Amino acid sequence: LGIQPEVFHLNEGHSAFLTLELATEYINANPGSSFAEAAAAVRKQCVFTTHTPVAAGNDVFSPDQLSSTFSDEYLAELGLSETEFFGLGRVDPTDDSEPFGMTPFALRMSRAANGVSKMHGQVSSDLWKEMYEQGVRPIDHVTNGVHPPTWIAPAFQRLYDERIGDSWPAAMSESWAEKMRQISDAEIWAVHERLKEMLIAFIRERTLRGETGPHSTINERRETADLFSKEVLTIGFARRVAQYKRWDLIFSDVERLLKIVDNDERPVQFVFAGKAHPQDDTAKEILRELMSINHGSGWQNRAVFIQDYDQEVARYLVHGVDVWMNVPRRPHEASGTSGMKAAMNGVLNLSVLDGWWIEGFNGSNGFSVGDLRSFDDEAEVDRIEGDLLYRTLEEVVVPLYYDRDENRLPRKWIGMMRNAITTLTPAFSSDRMVRDYVQKFYGIDGES
């Protein structure tokens with residue numbers, strides 16, 4: 001393409017071997033130079049982002065695997081012995097029993113590294129602290145962001161065009177709060193209800209096509225007219241079906257859950273979406289349990305599971321639900337972005353304080369589950385936070401949603417929606433994220 005990058009940004013450790021090619025190019029261009037000199041030059045060009053908050057999630061390879069891939073001739077061209085090469089990927093370069101890790105290798109070959117939220121940066125920095133005495137810089141952070149024009153619903157964008165002007169994206173970094181005050185509660189609620197109707201139509205259409213679950217589940221229906229209602233508080237939960245995401249937390253007390261769902265005056269409905277890894281039997285069992293709940297309740301008409309969570313499904317959900325639920329086991333959520341997309345559409349996050357939500361939650365732009373206490377026992381934290389999840393729904397979320405004025409508007413709820421849009425859209429946009437990378441990590445010649 002004729003482009004000479006000033007910065008090579010390694011996104012996770014998978015791409016870290018590109019640093020060896022840069023070193024090869026340096027040595028070829030500077031005959032007689034050593035690998036140490038090449039590595040120093042490469043370091044000035046490279047920054048590294050890690051996404052994984054647990055050691056087990058980082059790629060490692062055995063020396064035998066590497067030996068079969070990187071020939072002696074290739075290493076000789078770099079001026080490295082096999083032992084020196086293996087040491088580049090070890091926390092302790094002298095420990096022959098340690099496998100080659102892509103993250104330690106990327107950290108050694110980059111001038112700076114970051115996690116994808118403030119908390120994730122701290123967790124990652126602690127995870128690799130043994131390397132800091134070897135000259136590796138502590139891991140910093142740049143919190144993830146999402147692209148507002150992509151994820152804000154067209155209906156909201158049209159409202160902004162009419163009430164703020166078509167330059168509203170630029171206002172996010174200048175006078176967003178002031179501009180949002182030009183839009184009335186009734187206008188915000190009207191758009192939200194329209195998006196919710198679109199979500200329900202999408203759910204019913206998917207159900208008729210048989211794409212909301214296999215036979216013998218809650219989703220085997222011939223009629224969909226009574227499936228979901230726009231008048232009912234709707235909670236969305238969509239993500240990979242991984243154990244740490246705790247899909248089963250909301251099902252830890254099914255009797256209590258069904259009382260919430262079946263309440264005559266203030267019912268709740270759930271839309272789930274996701275996919276388990278084919279080899280994750282625990283996750284697949286969670287899905288089977290989710291989809292087999294019956295107990296003679298209204299669950300069959302107030303809960304649905306949508307298979308194959310993709311961008312189309314995501315758009316309907318983050319645009320149309322009332323609440324976005326997220327209950328990972330801390331501190332395993334590196335950042336998360338679905339909740340950001342939802343918040344930009346006035347959807348209120350109901351989340352454990354992990355990843356981005358620690359930075360985003362201000363007490364009145366969504367809901368928190370639990371606090372930042374640490375627990376040694378996973379069963380204990382699941383029990384405590386499961387109870388807190390139910391209590392937050394029963395005592396805070398549900399009553400607030402159904403608190404209506406004489407015009408049937410939930411004024412306090414809409415106030416929180418406005419707060420979410422105002423505070424979270426600019427703070428978690430991709431524009432802000434890119435500015436952070438430019439200012440903190442993309443300095444020329446390794447200077448931030």
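Throughout, residue positions are numbered sequentially from 1 according to the sequence presented. Values reported hereafter were calculated over all heavy atoms of this structure, with side chains retained and with hydrogens, waters and symmetry mates removed. As the structure is a prediction and not an experimental result, all values here were calculated from the model.
Taken to the nearest 0.5 Å, the CD1 atom of Ile203 stands 5.0 Å off from the CD1 atom of Ile306. Here the CD-CD1 distance, from Gln122 to Ile139, works out to 12.0 Å after rounding to the nearest 0.5 Å. Atom NE2 of His141 is separated from atom OG1 of Thr50 by 14.5 Å, given to the nearest 0.5 angstrom. Atoms CE and NE2, from Met433 and His147 in turn, are 10.0 Å apart once rounded to the nearest 0.5 Å. Interatomic distance, Arg137 CZ to Leu107 CG, rounded to the nearest 0.5 Å: 11.5 Å.
The shortest side-chain heavy-atom distance between Glu385 and Val327 does not fall under the 4.5 Å cut-off. Side chains of Tyr437 and Asn114 form a contact here, defined as non-hydrogen atoms less than 4.5 Å apart. Proximity of Phe48 to Thr19: side-chain heavy atoms (C-beta onward) are nowhere separated by under 4.5 Å. Using a 4.5 Å cut-off on side-chain heavy atoms (C-beta onward), Leu22 and Cys46 make contact. The side-chain heavy atoms of Val47 and Lys440, taken from C-beta on, include no pair separated by under 4.5 Å.
The residue from Phe367, Phe361, Trp356 that alone fulfils the side-chain contact (heavy atoms from CB on, under 4.5 Å) condition with Asn349 is Trp356. With Phe100 as reference, Phe85 is the one residue of Phe61, Phe86, Phe85, Phe70 to meet the ring-ring contact (aromatic ring centres under 6.0 Å, His included) rule. Of the candidates Tyr316, Phe237, Phe228, Val271 forms a side-chain contact (heavy atoms from CB on, under 4.5 Å) with just one, namely Phe228.
For the residue pair Asn144/Thr337, the side-chain donor-acceptor check at 3.5 Å is not satisfied. If you check the side chains of Thr24 and Glu77, you find no donor sitting under 3.5 Å from an acceptor. For the residue pair His51/Asn11, the side-chain donor-acceptor check at 3.5 Å is satisfied.
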Decide yes or no on side chain to side chain donor-acceptor pair (under 3.5 Å) for Asn326 and Glu333, but give the supporting numbers first.
CA-CA 10 Å; Asn326 187 31; Glu333 183 85 301; 3.0 Å; yes
Applying ring pair (Phe, Tyr, Trp, His ring centres under 6.0 Å), run through His9 and Phe441 and close with a yes or a no.
CA-CA 9 Å; His9 190 154; Phe441 295 109; 7.9 Å; no
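Across all non-hydrogen atoms, the minimal contact from Pro426 to Met172 is CB-O, 3.3 Å.
Counting heavy-atom neighbours within 6.0 Å of Glu133 CD, excluding the residue itself, gives a total of 12 or less.
No donor-acceptor distance shorter than 3.5 angstrom exists from the side chain of Asp431 to the backbone of Ala170, with no hydrogens or angles considered.
Aromatic pair Tyr160/Trp176: ring centres closer than 6.0 Å.
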